[in-house]
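Bear in mind that the values here come from a model prediction, so they are computed numbers and not experimental data. Proteins get letters first, then strands, A, B, ... in listed order; numbering begins at 1 in each. Reckoned from all heavy atoms, side chains included, excluding hydrogens, waters and symmetry mates.
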Number of protein chains: 2
Amino acid sequence: MTSEPPPAPRRSDATRAAILDAARERFAADGYDRATIRAIARDAGIDPSMVMRYYGNKEGLFAAASEIDLRLPELGAMPGRHIGAVLVSHFLDRWEHDDVLTAMLRVGVTNAAGAERVVKVFREQLLPVTAGVCPLPEEVPRRAALAASQIMGMALARYVLRIPPAVDMTRDEVIAWLAPTIQRYLTAAAP
Amino acid sequence: MTSEPPPAPRRSDATRAAILDAARERFAADGYDRATIRAIARDAGIDPSMVMRYYGNKEGLFAAASEIDLRLPELGAMPGRHIGAVLVSHFLDRWEHDDVLTAMLRVGVTNAAGAERVVKVFREQLLPVTAGVCPLPEEVPRRAALAASQIMGMALARYVLRIPPAVDMTRDEVIAWLAPTIQRYLTAAAP
DNA sequence: ACTGTAGGCCAACGCCTGTTGACACGCCAG
DNA sequence: CTGGCGTGTCAACAGGCGTTGGCCTACAGT
């Protein structure tokens, strides 16, 4: 499946990367519709037609720009009581140090393909990690969805809508409040 | 302030209402950019120029269409232990029976003015209602923001992104899981 | 009955969009 | 040295957008 024979380094790799960087930034800041190919090309310092040559069309560019790896830690290898805090802390890091997640959220809300992409990340990355820590296997998807709802909701309030009290909370305060919630969603007995 | 002397019924009230209905639907379904004035006018069965005549421009139309009343119940008049369940249940109702909230969420994410509108609703409608139930007055904004983050997060997962496990939960399951979270955010001792 | 005005439609504007095709440069193989 | 291919620019396209102004129609006040 994932076996492109040699990576085959091309002379244009720098340009491709510049386009991708600019695209991620624009998609994160403006959402799918307002992030124009022309603006992305301008940011990358090249002609709009290069974007088409390398990524086919706007959808292809978005697909390439929203290749996301949450880099979730292995939860099995740590004391069960810290799972909530570790997850919240990890997501705060990811959200603050790069704008792919903001882009994913913004585009997921505006664009059907974007929403599917979010669902895919949820299914392929969050589900496996939470599988090991939930009491009953059949409850895993539901519990993961609950956890995701709280994490995305805080990201929405804090990084996208910028609701002042959510922005003003320190990182540690956010963790202190959210960790017990995530902990309960993933590990506590069903209500 | 809110004293337009007579309501002054106009012959065009039906048209105005049709435009507003169509606008709310389109903004909810498509977000700010994709919801075009032409499409809204087509839905309302009139000419695009009528929209301009009555609402000035697209921003004015959006401002009129996103006049939101959460219709939050008085929390002071009920047993303190039920606040979480009542709030979650109320928001589920609002979200399912009318698409203004979805519109608000979608536009809040794509549009700066939309985000400000969400913050305004938070400040003017959620804050006052939660003020009566939090232990310390100075914690009210933070606690309300936490509750908002969980409620918006679930709405995002369930009604916008349509993450399958979040969609599949019954209304009662959502309440059973979320109510204790909201309850804790609003009333429990700070962590 | 006459007239002013509000309600409504139509055609057009200037702008910006995604996308395309033709053309120019420079590297590398033969 | 020469040809081809990869990299890049430029100019243009068709279509959609928000917005504007002119014109027609029908009702309301006198």
> How would you list, by chain and number, every residue that makes a ring-ring contact (aromatic ring centres under 6.0 Å, His included) with B:F91, sequence neighbours excluded?
none

> Check the phosphate of C:dG8 against B:T15, side-chain N and O only, distance under 4.0 Å to OP1 or OP2. Yes or no?
yes

> Spell out protein contact along nucleotides 10-26 of chain D as letters: B when the base is contacted, S when just the sugar-phosphate is, - when no protein heavy atom is under 4.0 Å; keep the 5' to 3' order.
B-B----BBSBB-----

> Can you give me the bend angle of the helix from C:dA1-D:dT30 to C:dG30-D:dC1? Use the axis through the first five pairs and the one through the last five, nearest 10 degrees.
0°

> Just how far, in rounded Å, is P of C:dA6 from CD1 of B:I46?
19 Å

> Under the 6.0 Å and 45° cation-pi test, does A:R143 pair with A:Y185?
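The answer is no; the distance or angle limit is not met.
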
> Let me know the distance between CE of B:M50 and C1' of C:dG8, rounded to the nearest Å.
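One finds 5 Å between C1' of C:dG8 and CE of B:M50, rounded.
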
> Verify the contact: side-chain N or O of A:Y54 to OP1 or OP2 of D:dG8, cut-off strictly under 4.0 Å; return yes or no.
yes

> In whole angstrom, give the distance that lies between atom CG of A:D13 and atom P of D:dG8.
10 Å

> Would one find more than 12 heavy atoms of other residues, nucleotides or ligands at under 6.0 Å from atom CD of B:E74?
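Open.
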
> Please check if atom CD in B:E59 has more than 12 non-hydrogen atoms from other residues, nucleotides or ligands closer than 6.0 Å.
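Check fails, neighbour count at 12 or below.
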
> If you count heavy atoms of other groups shown closer than 6.0 angstrom to CD of B:E173, is the number above 12?
yes

> Using 30° and 60° as the class boundaries, would you call the ring planes of B:Y159 and B:W95 parallel, tilted or perpendicular?
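Ring orientation of B:Y159 relative to B:W95: parallel.
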
